[in-house]
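Notes follow the structure.
We use all heavy atoms of the structure for the numbers below, so side chains are in, but hydrogens, waters and symmetry mates are not. Just follow the structure's listing: the first ligand is 1, and inside any ligand the first atom is 1.
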Amino acid sequence: MSTAKHVAIIMDGNGRWAKQRGLPRAMGHKRGVEAVRALVRAVARLDLDCLTLYAFSSENWKRPEDEVDDLMNLMRRFIKSDLPEFIANDVRLKIIGDWQGLAPDIVKMLEDALEQTAGGSRTLAVALNYGSQQEIARAAAKAAAIGDVTTASIAAHLDTNDLPQLDLLIRTSGEVRLSNFLLWQAAYAEMLFVDTLWPDFTPEHLEQALRDFAQRERRYGGR
Ligand code: IPE
Ligand code: IPE
Ligand code: MG
């Protein structure tokens, strides 16, 4: 039986959650943040070394401006309200994606948060303005610049270079696609697609996912 140490989640379904209730999409995103908070609180109890969450993709800029604004404002509020808890709970914040391309005040908040949580022993990695193909292209360009285009060198230049191997990738909301998330890192990850909409996803759902993972046999091409 194996245990998952690094779990990544495509947090999808906020909009449909709100729609089902006749609420504005913004409410779905707000409840989605609460689901994130509950999960981060469970990281130590579930003994995860790393939890990676897909919060905003490089393609999400295509959404209407007011929805993008709502998401950015939620991000601002979340960092401000939850940073003390990260520090208290020994959680190291890590950001993957082109986060330097976000609004300057968010970049500043993130830089402060990264610095203040640098000593944490468990990692919460948040994918912001993240696109996996872009990440791979950036890493390949760096590998080429040093004349070492090998899988090891590309991996060493990915945003995730200091994270453990990805064990389990979960997507909520019933969609069965990766939407440009961790394409390289998922090469041998186990995958789990659940129908639960993100705001309804609880630590108990994650526990169930970890039990499911424990039953899987990973072969990495061997036998
Ligand atoms: C996930 O929920 C949140 C983000 C992508 C930022 P969605 O907003 O994609 O919700 P659905 O897929 O429309 O239900
Ligand atoms: C993926 O969800 C991105 C995040 C969860 C942040 P989307 O809702 O953007 O993906 P598609 O458009 O359904 O593929
Ligand atoms: Mg979606």
Practice task
Measure E175 to ligand 1 on non-hydrogen atoms and call it side chain, backbone, both or neither using the 4.0 Å cut-off.
Solution key: neither

Completion exercise
A student checking ligand 2 against N60 at a 4.0 Å heavy-atom cut-off should list atoms 3 (C), 6 (C), 9 (O)

Practice task
Examine Y130 together with F181 and report whether their ring centres are nearer than 6.0 Å.
Solution key: yes

Problem - Cluster overlap V107 with V68, hydrophobic side-chain contacts below 4.5 Å - result: yes

Handout entry: ligand 1 contact by G13, heavy-atom criterion under 4.0 angstrom
Key = yes

Problem - Contact atoms of ligand 2, heavy-atom distance to M11 under 4.0 Å - result: 5 (C)

Handout entry: K19 contact mode with ligand 1 (heavy-atom cut-off under 4.0 Å)
Key = neither

Practice task
Decide whether a cation-pi geometry holds between R21 and W17; the criteria are a distance under 6.0 Å from NZ or CZ to the six-membered ring centre and an angle within 45° of the ring axis.
Solution key: yes

Problem - atom 6 (C) of ligand 1: the protein heavy-atom neighbour that sits closest, reported with distance to 0.1 Å - result: A55 O, 3.4 Å

Exercise for the section: Examine D12 against ligand 2 and note whether any of their N/O atoms are separated by less than 3.5 Å. Expected result: yes

Handout entry: Geometric N/O contact G15 with ligand 1, under 3.5 angstrom
Key = yes

Problem - Nearest protein heavy atom with distance in Å, relative to atom 5 (C) of ligand 1 - result: R63 NH2, 3.3 Å

Exercise for the section: Mark up the atoms of ligand 2 that fall under 4.0 Å of a heavy atom belonging to F56, in ascending order. Expected result: 6 (C)

Handout entry: Candidate list Q215, Q208, R216, test side-chain hydrogen bond (donor to acceptor under 3.5 Å, both in side chains), partner D212, passing option
Key = R216

Handout entry: Salt bridge present between E85 and R41 (N-O < 4.0 angstrom)
Key = yes

Problem - Whether E175 has an N, O or S atom under 2.8 Å from the Mg ion (ligand 3) - result: no

Handout entry: Proximity flag R171 to ligand 2, non-hydrogen atoms under 4.0 Å
Key = yes

Problem - Donor + acceptor pair across side chains of T123, R92 (<3.5 Å) - result: yes

Problem - Pairwise distance CD(E111) to CH2(W99) - rounded to 0.5 angstrom - result: 5.0 Å

Fill in the blank from the handout: Quick note on ligand 2: atoms under 4.0 Å from a heavy atom of R177 include exactly 11 (P), 13 (O), 14 (O)

Fill in the blank from the handout: In this structure, atom 2 (O) of ligand 1 is nearest to the protein heavy atom N14 N, 3.2 Å

Exercise for the section: Just let me know how L197 lines up against ligand 1, side chain, backbone, both or neither, with a heavy-atom cut-off below 4.0 Å. Expected result: neither

Problem - Side-chain H-bond candidate by donor/acceptor type, Q100 with N129, under 3.5 Å - result: no

Exercise for the section: May I ask whether V40 and F56 are part of the same hydrophobic cluster, defined by side-chain heavy atoms of I, L, V, M, F, W, Y residues being less than 4.5 angstrom apart, directly or through others? Expected result: yes

Handout entry: Exercise check, heavy-atom protein proximity under 4.0 Å to atom 12 (O) of ligand 2
Key = no

Practice task
Verify the cluster assignment for V176 and L183: are they in a single hydrophobic cluster under the rule of side-chain heavy atoms below 4.5 Å apart?
Solution key: yes

